[in-house]
Amino acid sequence: MPAADLALVIGRIALAGKLISGEIARASIAGGLGYSGDTNVHGEEQKKLDDWTNQVFLSLFENCAPVCSLISEEMETPKHFERNCHSREHASYALMLDPLDGSSNTDVNGSLGSIFSVRKRAVRHGNDGRDLLGPGSQQVAAGYVLYGPATQLIYTSGAGVDMFTFDPQIAEFVLWKENLKMPPRGPYYSCNQGNITKWNPGAQNLVRYLTSRKDKNSSYSMRYCGAFVADFHRCLIDGGIYMYPGEISSDGKSKGKLRLMYECAPLGMVAEQAGGRASNGKGRILDVVPKDIHDREPVYVGSSIEVAMAEEYRAEG
Ligand code: FBP
């Protein structure tokens with residue numbers, strides 16, 4: 001991706017991050033919490049902030065020339081910015097988004113995030129986004145904004161991972177760490193263990209192993225805050241594994257919850273670029289080819305040693 005295009009796209013994401021961070025901070029006193037009364041393409045009740053954050057990205061990318069399509073967790077079909085598409089000699093791109101990750105945390109002042117992935121469009125492409133249905137290894141950039149005690153922007157464009165912290169005093173993101181490396185092993189595991197009986201035996205045995213460690217040096221602590229971005233961020237800094245195993249449904253199939261193209265694949269690219277790994281429990285998640293832009297996938301992401309363990313335990317059969 002030409003540096004100028006990347007700078008434009010990341011610049012707009014940073015601006016969205018500033019606006020969203022400000023809105024989240026005052027949502028409780030500005031009537032911004034609670035449900036909007038609508039449901040999204042996944043049949044999930046939409047929070048007001050889900051819709052508000054989605055609108056922020058739509059309005060900021062309408063006039064962002066390199067991006068001709070925006071695909072979002074909150075929209076059934078891609079939003080196509082016609083004029084951004086065909087007015088360029090250079091390639092155009094699609095932005096794939098989870099505008100507000102961890103939305104079950106909005107009303108309890110928990111951590112939240114925005115996850116993004118940038119992919120190159122085919123020269124000839126329709127408006128349905130089918131030309132984007134390639135493996136995550138085709139992403140040209142990916143990352144997230146974490147809305148926690150601090151607001152941070154983390155991204156990669158295939159040459160390592162950099163992290164920026166938002167400084168409210170100067171209203172700018174300031175580079176904090178360059179070329180971040182994830183510890184190869186970590187003391188934390190994150191999962192909704194309340195679902196354990198719905199998982200494959202392999203995933204159940206993996207968590208039994210992680211919780212069986214007695215000695216201090218190799219034992220694991222559980223951390224689960226309800227926001228993929230925040231639990232992943234802990235793995236990136238301190239090491240460990242985040243997993244959302246597939247749940248066995250009545251037809252015996254294992255179904256993931258998290259969306260492949262705008263949740264699993266972008267954090268998978270960040271993990272790999274930082275020396276970690278990302279798997280669907282069987283193999284590399286960046287090799288999985290989606291059939292639909294809203295496909296879901298089981299995910300095991302984080303430190304290379306723990307993610308390798310998930311595959312050794314045949315977490316997804
Ligand atoms: P959205 O909030 O974007 O739908 O993301 C899914 C998510 O909230 C993850 O952030 C989180 O890790 C997981 O689902 C929590 O799911 P559960 O409530 O089933 O544990």
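Atoms within a ligand are numbered from 1 in the order they appear, just like the ligands themselves. In this chain, residues are counted from 1 in sequence order.
Residue, atom and distance of the protein heavy atom nearest to atom 3 (O) of ligand 1 are Asp98 OD2, 2.8 Å. Looking from atom 15 (C) of ligand 1 to the surrounding protein, the closest heavy atom is Tyr224 OH, 3.3 Å. Here the protein heavy atom with the shortest distance to atom 19 (O) of ligand 1 is Tyr244 OH, 2.6 Å. Closest protein heavy atom to atom 4 (O) of ligand 1: Arg259 NH2, 3.0 Å. Counting protein heavy atoms only, atom 14 (O) of ligand 1 is closest to Lys257 NZ, 3.1 Å.
No side-chain donor from either of Asp51 and Gln46 sits under 3.5 Å from a side-chain acceptor of the other. Side-chain atoms of Thr106 and Lys47 include a donor-acceptor pair closer than 3.5 Å. A donor-acceptor contact closer than 3.5 angstrom is absent between the side chains of Gln193 and Tyr224. Side-chain contact check for Asn205 and Arg314: no donor-acceptor pair (N or O, by modelled atom type) lies under 3.5 Å.
Within ligand 1, the atoms closer than 4.0 Å to a non-hydrogen atom of Ala227 are 10 (O), 12 (O), numbered from 1 in the order shown. Atoms of ligand 1 lying under 4.0 Å from any heavy atom of Leu100, numbered from 1 in the order shown and given with element: 3 (O). Within ligand 1, counting atoms from 1 as listed, the ones closer than 4.0 Å to a heavy atom of Glu263 are 1 (P), 3 (O), 5 (O), 6 (C). For ligand 1 and Asn192, the ligand atoms under 4.0 Å from any heavy atom of the residue are 17 (P), 19 (O), 20 (O). In the vicinity of Gly226, heavy-atom distances shorter than 4.0 Å reach the ligand 1 atoms 8 (O), 10 (O), 11 (C). Within ligand 1, the atoms closer than 4.0 Å to a non-hydrogen atom of Ser103 are 2 (O), numbered from 1 in the order shown. Contact atoms of ligand 1 toward Phe228: 9 (C), 10 (O), 11 (C), 12 (O) (distance under 4.0 Å to a heavy atom of the residue). For ligand 1, the atoms sitting less than 4.0 Å from at least one non-hydrogen atom of Tyr242 are 11 (C), 12 (O), numbered in the order shown with element in parentheses.
Polar contact check, Glu44 against ligand 1: no nitrogen or oxygen pair lies under 3.5 Å apart. Geometrically, ligand 1 and Leu258 share no nitrogen or oxygen pair separated by less than 3.5 Å. Not one N or O of Asn195 is nearer than 3.5 Å to an N or O of ligand 1, by distance alone. Considering backbone and side-chain N/O atoms, Gly102 comes within less than 3.5 Å of an N/O atom of ligand 1.
Under the 4.0 Å criterion applied to side-chain N and carboxylate O atoms, Asp231 and Arg223 are not assigned as salt-bridge partners. With salt bridges taken as basic N to acidic carboxylate O contacts below 4.0 Å, none links Arg277 and Glu306.
Under 4.0 Å from ligand 1, heavy atoms of Asp101 appear from its side chain as well as its backbone.
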- Message: For a side chain to side chain donor-acceptor pair (under 3.5 Å) check, start with the C-alpha distance between Arg213 and Ser218, then their side-chain angles and the critical distance, and finish with the verdict.
- Response: CA-CA 6 Å; Arg213 316 298 307 158; Ser218 68; 3.2 Å; yes

- Item | Derivation of the side chain to side chain donor-acceptor pair (under 3.5 Å) call for Tyr300 and Glu316 | CA-CA 10 Å; Tyr300 301 78; Glu316 294 299 324; 2.5 Å; yes

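Other residues, nucleotides and ligands contribute over 12 non-hydrogen atoms within 6.0 Å of the CG atom of Asp292.
Remark: the backbone N or O of Lys291 is paired with a side-chain donor or acceptor of Asp295 at under 3.5 angstrom.
A ring-centre distance under 6.0 Å is found for Phe228 and Tyr242.
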